[in-house]
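One structure below.
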Amino acid sequence: MAKRDYYDVLGVSKGASADEIKKAYRTKAKELHPDRNSGNPDAEAQFKEANEAYEILKDGDKKAAYDRFGHSAFEGGMGGGRPGGGFGGGSGDFTSAFSDVFDDLFGDFMGQRGGGGRQRASRGSDLRYNLRVSLEEAYSGLQKTIKVPTLTTCGSCSGTGSEGSSEPTACPTCSGMGKVRAQQGFFTVERTCPTCSGMGQIIKNPCKGCGGAGRIEKERALNVNIPSGVETGTRIRLAGEGEAGMRGGPPGDLYIFVEVAQHELFERDGTSLFCRVPVSMSKAALGGSIEVPTIDGGRARVQIPSGSQSGRQMRLRSKGMPALRGGADGDMFIELAVETPVNLTSRQKELLEEFEKLSEDNNPETKSFFSSVKSFWDGMKG
């Protein structure tokens, strides 16, 4: 099948300029790209045809040869660029041709359209701040002022990095693209431009306040509202309070990670609080009331049933921690720890010995245990 005239393929005249040829190819590439023509089986072939035409007509030498000899200039025997193929481009080098207009085609989607020294705004980095609060503060909530070292927009240059009214200029190495390409065999390798570090522009007259960076390091004081009910691991996001963006880009966010300190009286499990309360042996045996502290700084009176043992728990409803995201408050659990008296006087010892003699029938568990021990020993002897 005879090849179509390359000028007809791109829809330009033979006297078209390089810019006109490139513009025509961009239009054809957008129109015929396979991703936009999934239902058209001929689109891929037409796309390759347009690519082949542009590969020849974009190059001055190849274009001159085509104007003189037509397609035969690239079908062998007409000069020697590559073995067996004239100027060696007749089949079309897809990577080379398409990479010339890749940024023009998709730069808007990628947010990286370059050229012309346009500023490359980039979002600032997010920051993390670890905040330690007491259990009482976690219960009640608070407003706390924190100091965060961060990068803020330079006030002297308003973030441009340039001194006075001077403007950044397009990087001569990458022509404002921020990236450079190198051909390695069949592949095109794209790297960050070493001259402008990917910014696409250079600053000839840098700001004296920030040295051209557009940002300065500064400690900022922020008021943070800590809601009641926070616990270790709670994350609070402050939008826009992170590092300032580059070249006028939006700032990052600040994330506050909360750690609740351990308490000397209370242990926490979610919204529940646990408090171990010592009681005397006589109080546990006879029963009575005791006062216990609560997390809100108050006191609660608890009735101890007679005959209470160590480890017994009693619930105080709604005396625990508030729920962070709403709902009922948690409960507080009192765990009794029966104390054995120490440093007894002679009189106390006498009374306890007398009490021991009178208490055989009042200690069923002790009586049962030693009965089992006696049976065990008798069995061993037999």
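Residue E354 qualifies as open at atom CD: its count of foreign heavy atoms under 6.0 Å is 12 or below. Taking a 6.0 Å sphere around CD of E217, one finds it holds 12 or fewer heavy atoms contributed by other residues, nucleotides or ligands.
Residue pairs that meet the salt bridge (Lys or Arg N to Asp or Glu O under 4.0 Å) test with at least one member in residues 226-245, sequence neighbours left out, are R215-E243, R220-E241, R237-D253. Under the side chain to side chain donor-acceptor pair (under 3.5 Å) criterion, the residue pairs touching residues 316-338 are R315-D331, with sequence neighbours excluded. Evaluation of the salt bridge (Lys or Arg N to Asp or Glu O under 4.0 Å) test over residues 286-302, restricted to residues two or more places apart or in two chains, returns E291-R299, E291-R301.
Relative orientation of the Y66 and H71 rings is perpendicular, given thresholds of 30° and 60° on the angle between their planes.
Applying the side chain to side chain contact (heavy atoms under 4.5 Å, CB included) criterion to E137, with sequence neighbours excluded, gives V133, S134, L142, K144. Judged as a salt bridge (Lys or Arg N to Asp or Glu O under 4.0 Å), and not counting sequence neighbours, the contacts of E44 are K48.
To the nearest 0.5 Å, atoms CD1 (I202) and OG1 (T195) are separated by 8.0 Å. Here the CG-CD distance, from L57 to E20, works out to 12.5 Å after rounding to the nearest 0.5 Å.
A salt bridge between D19 and K23 is absent, with no side-chain N of the basic residue lying under 4.0 Å from a carboxylate O of the acidic one.
Taking Ile, Leu, Val, Met, Phe, Trp and Tyr as members and joining any whose side-chain heavy atoms lie under 4.5 Å apart, directly or through other members, the hydrophobic cluster of Y255 also contains F257.
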